Amino acid sequence: MSAFPVPPAPLPSLLVSVRDPAEAEAAQLAGADLIDAKDPERGALGALDVDVVTEIVARIAGAAVTSAVADPAPDAVTAMAATGIDWVKTGLDARDRRDKAAMAALTAAAPGRLIAVLFAEDGPAADLVPALAQAGFAGAMIDTAGKSGARLTDLAEPEALAAFTAACRTHGLMSGLAGSLRITDIPVLSAHRPDYFGFRGGLCREFDRRNGIDPLRVAEAVRALRPNHRDAA
């Protein structure tokens with residue numbers, strides 16, 4: 001049993017990373033809760049052009065919450081926030097985490113809308129959550145920096161993930177887990193009760209993140225997340 005008790009509800013949401021408006025619409029129609037605008041050719045934090053993100057927001061306006069990525073600089077965060085997205089994701093390396101002024105400047109660029117992306121390769125992240133909350137981040141997620149084999153479940157121990165999501169709940173931050181996840185990871189990782197799971201390659205054709213999103217796999221992930229929901233049948 002985990003040392004970090006979790007509440008019985010709500011169930012995690014499904015975030016699907018997309019590279020263009022057509023993928024965004026397909027993912028939304030298949031049941032994705034969150035649409036994450038991202039360039040899969042550029043790694044975990046590959047930012048799309050702001051014009052493309054604006055088009056994605058327009059395509060799914062009023063029907064889904066959208067998210068995006070940006071370089072860890074206030075100007076880039078401000079520009080991405082201006083597209084109309086709900087949240088901006090930005091990576092934080094070890095130097096950024098130690099610089100409280102830099103973190104405050106980032107959150108000031110998109111107040112209440114910034115999500116910190118922490119990498120599993122850097123080790124356990126639970127101890128970083130209080131500082132993120134103090135700096136004004138809206139949420140935090142763990143992802144994998146590399147996209148060539150190692151998965152979240154290879155790099156992070158269950159107790160470390162449980163501690164991270166528990167710390168986020170304690171400090172009022174939205175939490176996410178991602179990193180080359182497959183649908184088969186959902187039942188095990190759901191025990192940690194993150195607010196959402198992030199997917200790309202696991203929902204693409206041939207499980208290749210460079211290929212297009214497969215709506216059937218998106219729908220399958222929705223069913224795995226909500227096996228007892230009347231709309232999941």
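Every value quoted in this text rests on a predicted model; they were computed, and no experiment measured them.
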So which heavy atom on [X] is nearest to which on [Y], and how close?
X	Y	result
G212	E23	CA-OE2, 3.3 Å
V52	R19	CG1-O, 3.9 Å
A150	S180	O-OG, 4.0 Å
A27	V16	CB-CG1, 4.0 Å
A120	T144	CB-CG2, 4.4 Å
I183	A221	CD1-N, 3.9 Å

Could you verify whether a donor N or O on one side chain and an acceptor N or O on the other, from T153 and R151, lie under 3.5 Å apart?
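Yes, R151 and T153 have a side-chain donor paired with an acceptor closer than 3.5 Å.
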[atom1]-[atom2] distance between [X] and [Y], expressed to the nearest 0.5 angstrom:
X	Y	atom1	atom2	result
D185	L177	CG	CG	10.5 Å
I60	E55	CD1	CD	12.5 Å
R193	T165	CZ	OG1	10.5 Å
L161	E159	CG	CD	9.5 Å
L48	I56	CG	CD1	5.5 Å
K89	F137	NZ	CZ	13.5 Å

Applying side-chain contact (heavy atoms from CB on, under 4.5 Å) to L225 and L11, what does each step give before you reach the verdict?
CA-CA 7 Å; L225 280 164; L11 295 173; 5.9 Å; no
Report whether L14 and L189 are members of the same hydrophobic cluster (ILVMFWY, side-chain heavy atoms less than 4.5 Å apart, transitive linking).
yes
Is there a chain of hydrophobic side chains (I, L, V, M, F, W, Y, each step under 4.5 Å between heavy atoms) that links L155 to L181?
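Unlinked, L155 and L181 end up in two clusters.
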Worked verdict on M174 versus W87 for side-chain contact (heavy atoms from CB on, under 4.5 Å):
CA-CA 11 Å; M174 178 168 52; W87 293 289; 3.6 Å; yes
With a 4.5 Å limit on heavy-atom distance, are the side chains of H192 and P158 in contact?
yes
Just wondering, do L132 and L92 contact through their side chains at under 4.5 Å, heavy atoms?
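Yes, their side chains come closer than 4.5 Å.
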Counting only heavy atoms not in D127, do more than 12 sit closer than 6.0 Å to its CG atom?
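No - once you tally the heavy atoms of other residues, nucleotides and ligands closer than 6.0 Å, there are 12 at most.
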When you look at CD of Q134, are more than 12 heavy atoms from neighbouring residues, nucleotides or ligands closer to it than 6.0 Å?
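Atom CD in Q134 is not packed in, count stays at 12 or less.
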Sidechain-backbone polar pair: [X] side chain, [Y] backbone, donor-acceptor under 3.5 Å:
X	Y	answer
D195	S175	yes
D36	L15	no
R217	C204	yes

Worked check of side-chain contact (heavy atoms from CB on, under 4.5 Å) between R200 and I213:
CA-CA 8 Å; R200 172 67 193 180; I213 291 291; 3.6 Å; yes
Distance-only criterion, 3.5 Å: show the donor-acceptor pairs between side-chain atoms of residues 100-119 and protein atoms not counting sequence neighbours.
| from | atom 1 | to | atom 2 | distance (Å) |
| --- | --- | --- | --- | --- |
| T107 | OG1 | M103 | O | 3.4 |
| T107 | OG1 | A104 | O | 3.0 |
| T107 | OG1 | A135 | O | 2.7 |
| R113 | NE | D86 | O | 3.4 |
| R113 | NH2 | A81 | O | 2.9 |
| R113 | NH2 | I85 | O | 2.5 |

Assess whether side-chain contact (heavy atoms from CB on, under 4.5 Å) is satisfied between F207 and R182, documenting all intermediate values.
CA-CA 9 Å; F207 299 107; R182 295 292 179 90; 3.6 Å; yes
